[in-house]
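Excluded from the calculations below are hydrogen atoms, water molecules and symmetry mates; all remaining heavy atoms, backbone and side chain alike, are included.
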Amino acid sequence: HKVLVALFILLIDKIGYLDEQYGSYFEDTDYFMRTINAGGKLGIAENTLVSHKSKGTFNKIWSKEKQEEVFKRNEKIYENKFGKNYPFLS
């Protein structure tokens, strides 16, 4: 685990933290692109289970309209930075 932490610290030193202008939606996608653009690689942890309730918190605090508004705003921020470029989804 120490190697993983060291690698993550090196990545933060190289590309910084999550972009706070997003707040939610696309902050992770932005980080992936900055990682790729800095010469990093993304990988898949096979045989791993991640439990994540999509929009679990947002459904409690935001209306569907607010969620859509924030998503669309952040999509524009992302696409202004990177274009419609989502290479890790293919």
Side-chain angles (χ1 to χ4, degrees):
H1 295 99
K2 291 178 185 178
V3 172
L4 205 50
V5 171
L7 290 174
F8 189 65
I9 290 170
L10 291 173
L11 182 61
I12 290 172
D13 286 346
K14 193 167 190 176
I15 69 171
Y17 293 97
L18 293 173
D19 187 337
E20 293 182 8
Q21 73 177 320
Y22 292 102
S24 58
Y25 298 123
F26 286 90
E27 75 284 0
D28 50 354
T29 310
D30 177 282
Y31 206 78
F32 299 156
M33 282 302 295
R34 289 191 287 137
T35 299
I36 292 168
N37 289 343
K41 294 184 179 182
L42 303 178
I44 297 173
E46 295 182 18
N47 301 317
T48 302
L49 175 64
V50 175
S51 178
H52 178 269
K53 184 175 181 183
S54 182
K55 300 181 185 177
T57 301
F58 298 135
N59 284 337
K60 293 178 184 174
I61 62 172
W62 286 344
S63 66
K64 299 284 184 202
E65 293 79 17
K66 177 68 175 177
Q67 291 176 46
E68 182 69 20
E69 173 190 327
V70 173
F71 183 90
K72 290 290 185 191
R73 177 185 68 98
N74 290 354
E75 182 178 50
K76 285 180 185 176
I77 292 169
Y78 175 85
E79 290 181 354
N80 283 336
K81 289 172 81 172
F82 304 107
K84 293 185 181 228
N85 189 7
Y86 303 88
F88 41 85
L89 295 178
S90 50

Next on the checklist: I need the L42 CG to T35 OG1 distance, nearest 0.5 Å.
Outcome noted: 6.0 Å
Item to check | Heavy-atom closest contact (A38 atom, K14 atom, distance) | outcome: O-NZ, 2.9 Å
Checklist entry - What closest approach, in Å, do D19 and K81 show between heavy atoms, and which atom pair accounts for it? => result OD2-NZ, 2.8 Å
Checklist entry - What's the shortest heavy-atom distance between Q67 and N59, and which atoms? => result NE2-OD1, 3.0 Å
Next on the checklist: List the residues meeting side chain to side chain contact (heavy atoms under 4.5 Å, CB included) with L18, not counting sequence neighbours, and say none if there are none.
Outcome noted: E27, Y31
Checklist entry - Under 4.5 Å between any side-chain heavy atoms of Y25 and R73, yes or no? => result no
Item to check | For K72, side chain to side chain contact (heavy atoms under 4.5 Å, CB included) partners two or more places apart | outcome: E68, E75
Checklist entry - Is the closest side-chain heavy-atom distance between F58 and K66 below 4.5 Å? => result no
Checklist entry - Roughly how far apart are E79 CD and F26 CZ, rounded to 0.5 Å? => result 6.5 Å
Checklist entry - Do Y78 and Y22 have side-chain heavy atoms sitting under 4.5 Å apart? => result yes
Checklist entry - Looking at OG1 of T29 and CD1 of I77, how far apart are the two atoms once the value is rounded to the nearest 0.5 Å? => result 12.5 Å
